[in-house]
Amino acid sequence: MNFPFTEKQIGKKIFLREFKKDVVSDELIWHMDREDRYVKVVSGKGWELQLDNKLPEIMMEGKVYFIPSYTYHRVIKGDTNLIVEIKKC
């Protein structure tokens, strides 16, 4: 399966993920994960995170977002590349 990002493991349960600014928006689909996740924005401008039944929230550099397990969510394309650090719990 092809993903709309590249990913590198940097710790036991910590991953660095990059979404390119020219990713096709249709590839950024609603999905859910089996584990809780903490997502820290390393860099990126104009990207948004949307959780199920919530309005999209602008992702801010340095901020950590919590995504509960089995919660539908998606990212919405921004203006620059997005780099996030993901801790899977």
Item to check | Test item: Tyr65 side-chain N/O and Met60 main-chain N/O as donor-acceptor pair under 3.5 Å | outcome: yes
Checklist entry - Which pairs with one or both residues in residues 68-89 pass ring pair (Phe, Tyr, Trp, His ring centres under 6.0 Å), sequence neighbours excluded? => result His31-His73
Checklist entry - Residues in side-chain hydrogen bond (donor to acceptor under 3.5 Å, both in side chains) with Glu48, at least two apart? => result none
Checklist entry - Just how far is it from atom CG of Leu49 to atom NZ of Lys63, taken to the nearest 0.5 Å? => result 9.5 Å
Checklist entry - For the hydrophobic clusters of this structure (ILVMFWY residues joined by side-chain heavy atoms under 4.5 Å, transitively), does one cluster hold both Val75 and Ile86? => result yes
Checklist entry - If you look only at pairs with a residue in residues 67-89, which of them pass as a salt bridge (charged side-chain N to carboxylate O under 4.0 Å, His left out), with sequence neighbours excluded? => result none
Next on the checklist: How close do Leu82 and Met59 get, counting heavy atoms only, and between which atoms?
Outcome noted: CD2-SD, 4.3 Å
Under 3.5 Å, which donor-acceptor pairs do the side chains of residues 36-47 form with other protein atoms, sequence neighbours left out?
unit_1	atom_1	unit_2	atom_2	d
Asp36	OD1	Ser69	N	2.8
Arg37	NE	Glu35	OE2	2.9
Arg37	NH2	Glu35	OE2	2.7
Lys45	NZ	Glu61	OE2	3.3
Trp47	NE1	Thr80	O	2.6

Checklist entry - With hydrophobic residues grouped by side-chain heavy-atom distances under 4.5 Å, do Phe15 and Phe3 end up in a single group? => result no
Item to check | Stepwise side-chain contact (heavy atoms from CB on, under 4.5 Å) check, Phe5 with Lys20 | outcome: CA-CA 7 Å; Phe5 55 81; Lys20 298 290 187 182; over 6 Å; no
Checklist outcome for this item: Interatomic distance, CG@Asp52 vs OG1@Thr71, rounded to 0.5 Å, equals 7.5 Å
Checklist entry - CG of Leu55: more than 12 outside heavy atoms within 6.0 angstrom? => result no
Item to check | Enclosure of Ile58 CD1 (heavy-atom neighbours >12, cutoff 6.0 Å) | outcome: no
Checklist entry - Any side-chain heavy-atom pair from Thr6 and Lys8 closer than 4.5 angstrom? => result no
Checklist entry - Are Ile67 and Val84 linked, directly or through other ILVMFWY residues, by side chains that come within less than 4.5 angstrom of each other? => result yes
Item to check | side-chain hydrogen bond (donor to acceptor under 3.5 Å, both in side chains) involving Asn81 - partner list, sequence neighbours excluded | outcome: Glu18
Next on the checklist: So, using side-chain contact (heavy atoms from CB on, under 4.5 Å) as the criterion, who are the partners of Pro4 when residues are at least two apart?
Outcome noted: Phe19, Val23, Glu27, Leu28
